[in-house]
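Source: prediction; values computed, not measured.
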Amino acid sequence: MPYDAEGPHRGHGTRWAPWALASVSMTWGANYTVNSWGLREFTVPGFNALRFLLAAPLLLVLARWTEGTLRVEHGQWPRLLLSAAVGIVGYQLAFSAAVRLSTPAAAALLIALSPFFTALFARLAGEHATLPARRAAAAGTVAFAGVVLVVLGQQDTAAGPAATKWYGSVLALLASALWGWYPVVTRPLLKHHSPLHVTAWTSAAGTAFLVPLAAIAGFTLHGTVRQPLSWFSLGYSVLLVTVVGLVVWYRAVGQVGSAAVMLWMFAVPVAAALFAALTGEQRITWPQTAGSALVLVALAYAQGLSFGTLRNSHRRTSHRTRSTTKERNPDEHHPGPGTPDRAGRH
């Protein structure tokens with residue numbers, strides 16, 4: 001039986017999506033800094049293995065409790081396992097290795113290309129576009145220009161061998177392609193299962209690979225984890241980045257399409273820069289301010305927002321409200337016997 005993606009929100013369209021995706025973008029942007037706190041004591045495989053080892057059971061319990069079943073049709077398991085391999089295992093490992101081998105600025109810049117990969121893969125998969133191609137291309141180009149300003153606007157003091165940085169850049173580009181492919185691979189599953197159901201099983205499948213890998217590489221760098229910030233980082237990654245973030249993200253993918261949702265990835269570096277400034281990790285520069293403005297303008301354009309459309313939307317809402325009031329109060333226009341009309345006539 002196909003899954004009803006809108007559920008109780010039917011009739012409200014997708015008005016919730018921009019606000020929800022903005023919240024997820026801020027959460028994932030902050031994770032650049034929060035994640036680095038955890039990696040001071042956890043290894044990369046260990047941190048990701050523990051993240052999904054804790055998130056998967058929680059997601060499965062929530063899915064069973066809210067939906068009454070964890071069943072997945074036999075024919076959908078290959079795609080579900082492919083989704084886990086691409087987004088949970090491949091992307092997470094490539095991303096972490098890229099940040100370690102390259103500079104954070106270079107990694108963030110290359111991973112910001114993921115919306116373009118999504119548009120390419122969605123077209124190859126024959127996915128119906130919910131955003132006009134010209135609008136998506138224009139918004140993506142302007143937003144990427146903004147990301148370039150945001151990322152390159154920060155001072156890069158990282159040092160290291162050129163060959164190592166080159167390998168890191170290749171891995172960052174691979175991570176970008178995998179993250180761009182992830183929603184396209186996953187979207188067909190959302191026709192039959194809820195985002196919570198899909199996220200729960202892909203997380204569980206990814207855990208089955210990540211835990212043995214972490215057992216070989218080690219879970220911690222020093223044999224123990226002592227800093228409260230390290231545990232906070234892990235908890236933030238489990239609850240907000242994975243459980244809440246991925247479920248909301250893929251609910252939006254199921255409703256408005258992969259390419260339209262992935263445009264919000266351009267907001268992640270902006271949120272990362274703002275959070276780093278708030279925590280004292282860096283300061284905001286003028287290029288970053290200008291780049292942030294470009295990203296916001298591009299996202300507003302992609303959503304079809306302008307002063308004119310907002311005014312028209314308000315007028316349509318007011319008209320619908322007046323129409324509803326008239327329907328609910330017929331006596332106002334058709335007074336009964338002995339009831340005066342607006343002119344005072346009986």
Side-chain angles (χ1 to χ4, degrees), residues 1-28 31 51-52 54-73 75-92 114-115 118 121-122 125 127-128 130-131 178-207 237-265 267-268:
M1 179 179 179
Y3 167 69
D4 184 356
E6 294 185 6
H9 297 272
R10 186 176 299 282
H12 293 279
T14 56
R15 289 176 294 177
W16 68 276
W19 304 105
L21 291 170
S23 299
V24 173
S25 298
M26 288 189 292
T27 300
W28 288 355
N31 192 49
R51 168 188 171 184
F52 289 102
L54 293 171
L58 179 58
L59 287 164
L60 288 169
V61 169
L62 287 174
R64 179 66 174 83
W65 180 45
T66 58
E67 301 175 21
T69 180
L70 292 175
R71 183 174 180 272
V72 175
E73 288 77 4
Q76 293 173 12
W77 275 105
R79 181 171 289 274
L80 190 145
L81 293 175
L82 176 61
S83 176
V86 171
I88 304 299
V89 178
Y91 167 72
Q92 297 296 338
S114 58
T118 299
F121 290 131
E127 182 178 307
H128 173 69
T130 58
L131 191 66
L178 289 170
W179 187 244
W181 189 23
Y182 187 29
V184 179
V185 169
T186 307
R187 193 185 185 195
L189 294 170
L190 299 172
K191 297 178 181 178
H192 304 277
H193 301 285
S194 71
L196 175 59
H197 201 126
V198 172
T199 306
W201 276 117
T202 53
S203 297
T207 302
S237 183
V238 169
L239 295 176
L240 296 182
V241 176
T242 306
V243 174
V244 177
L246 285 180
V247 171
V248 171
W249 193 260
Y250 283 108
R251 185 183 170 203
V253 168
Q255 288 194 355
V256 301
S258 304
V261 169
M262 284 298 288
L263 283 175
W264 284 91
M265 282 302 298
V268 173

Inset, instruction - Take L81 and T202, measure what side-chain contact (heavy atoms from CB on, under 4.5 Å) needs, and give me the verdict at the end. - result: CA-CA 7 Å; L81 293 175; T202 53; over 6 Å; no
Heavy-atom check, side chain of [X] versus side chain of [Y], under 4.5 Å:
X: H197; Y: V72; result: yes
X: V256; Y: V261; result: yes
X: F121; Y: P183; result: no
X: L190; Y: V253; result: yes

Gap separating the [atom1] atom of [X] from the [atom2] atom of [Y], nearest 0.5 angstrom:
X: S203; Y: I88; atom1: OG; atom2: CD1; value: 4.5 Å
X: E67; Y: L196; atom1: CD; atom2: CG; value: 5.5 Å
X: L239; Y: L54; atom1: CG; atom2: CG; value: 9.0 Å
X: R64; Y: L59; atom1: CZ; atom2: CG; value: 15.5 Å
X: M262; Y: W179; atom1: CE; atom2: CH2; value: 6.5 Å
X: S23; Y: W249; atom1: OG; atom2: CH2; value: 11.5 Å

Inset, instruction - Answer yes or no: are there more than 12 heavy-atom neighbours, outside W181 itself, under 6.0 Å from its atom CH2? - result: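 For W181, atom CH2 is not crowded (no more than 12 foreign heavy atoms under 6.0 Å).
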Inset, instruction - Compute whether any side-chain donor of one residue and acceptor of the other, for R187 and S258, lie under 3.5 angstrom apart. - result: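 Result is no, nothing qualifies.
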Inset, instruction - Using distance alone, with no hydrogens and no angle criterion, decide if T186 and S83 have a side-chain donor and acceptor under 3.5 Å apart. - result: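 There is such a pair between these side chains.
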Legend entry - side-chain contact (heavy atoms from CB on, under 4.5 Å) evaluation trace for V238 with F52: CA-CA 7 Å; V238 169; F52 289 102; over 6 Å; no
Inset, instruction - Could you tell me whether the side chain of R79 and the main chain of L189 form a donor-acceptor pair under 3.5 Å? - result: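 Absent.
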Legend entry - Closest approach of A20 to V248 (non-hydrogen atoms, all atoms of both residues):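 The pair with the smallest heavy-atom distance is CB-CG1, 3.7 Å.
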Legend entry - Heavy-atom closest contact (V184 atom, A125 atom, distance):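 Nearest pair, atom of V184 first, then A125: CG1-CB, 3.8 Å.
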Legend entry - Intermediate values then yes/no, side-chain contact (heavy atoms from CB on, under 4.5 Å), V198 and L80: CA-CA 8 Å; V198 172; L80 190 145; 5.5 Å; no
Legend entry - side-chain contact (heavy atoms from CB on, under 4.5 Å) partners for V268, two or more places apart: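 Once residues adjacent in sequence are excluded, the partners of V268 under the side-chain contact (heavy atoms from CB on, under 4.5 Å) criterion are S25, W28, Y32, M265.
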Inset, instruction - Please name all residues satisfying ring-ring contact (aromatic ring centres under 6.0 Å, His included) with Y250, sequence neighbours left out, ordered by chain then number. - result: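 Y250: ring-ring contact (aromatic ring centres under 6.0 Å, His included) contacts with Y182.
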Inset, instruction - Apply side-chain contact (heavy atoms from CB on, under 4.5 Å) to T242 and R51, showing your working. - result: CA-CA 8 Å; T242 306; R51 168 188 171 184; 2.7 Å; yes
